[in-house]
Amino acid sequence: LHSFNGPPFVILLQATRGSETALVAAPGGKPLTIVLDVTDLQQNSEYRVEIVDAHGHPKFESTGSPRNHQLHTTILRGLPGGEYFVRVYSGSRDLLREYRLSVRG
């Protein structure tokens, strides 16, 4: 069991328009709080968040309610270095948005 000093690293993921996807990087192995911009999504009282690795293997899942068009999820164990996709689903499990996340090893 690892103990970490200080609060989790906070990272904001937003949808971008156009062909270029903004790549956001987080430190590996550290607690993370991911803030997802859900402004343009269909309004739900609760969303499901799933993080998968580059091969589509699930690594984390949670549910949460948005506040001020933002959905917060915290991963206490952090993620190992690699490329990930953060997916947001409606309550009926429809995929609404996918964000790209790079974690430094």
Which of T73, I75, T74 passes side chain to side chain contact (heavy atoms under 4.5 Å, CB included) with S62? It is T73
Hits for side chain to side chain contact (heavy atoms under 4.5 Å, CB included) against P27, two or more places apart or cross-chain, chain-then-number order -> F9, K30, L32, R104
Those residues at least two apart in sequence (or on a different chain) that pass side-chain hydrogen bond (donor to acceptor under 3.5 Å, both in side chains) with T39 are D37
Heavy-atom closest pair (Q14 atom, Y99 atom, distance to 0.1 Å) is C-CE2, 3.7 Å
Item to complete: Report the C-alpha distance between Q70 and L12 in whole Å, list the side-chain angles of each, state the deciding distance to 0.1 Å, and finish with yes or no for side chain to side chain contact (heavy atoms under 4.5 Å, CB included).
Response: CA-CA 9 Å; Q70 293 183 332; L12 174 64; 4.2 Å; yes
Item to check | Derivation of the side chain to side chain contact (heavy atoms under 4.5 Å, CB included) call for F60 and V86 | outcome: CA-CA 9 Å; F60 177 81; V86 180; over 6 Å; no
When rounded to the nearest 0.5 Å, the distance separating CG of L71 from OG of S65 is 8.0 Å
Heavy-atom closest pair (V52 atom, P58 atom, distance to 0.1 Å) is CG1-CA, 3.9 Å
side-chain hydrogen bond (donor to acceptor under 3.5 Å, both in side chains) filter on E98, not counting sequence neighbours, yields R87
Could you go through residues 41-51 and list every donor-acceptor pair under 3.5 Å that involves a side-chain atom there, pairing it with any protein atom two or more places apart or in another chain?
residue, atom, partner, partner atom, Å
Q43, NE2, L41, O, 3.0
N44, ND2, Q42, O, 3.2
Y47, OH, Q42, O, 2.7
Y47, OH, N44, N, 3.3
R48, NH1, E61, OE1, 3.4
E50, OE1, Y89, OH, 3.0

Value for CG (L96) from CG (D40), rounded to nearest 0.5 Å, stands at 11.5 Å
Residue set satisfying salt bridge (charged side-chain N to carboxylate O under 4.0 Å, His left out) with D53, at least two apart, ordered chain then number -> K59
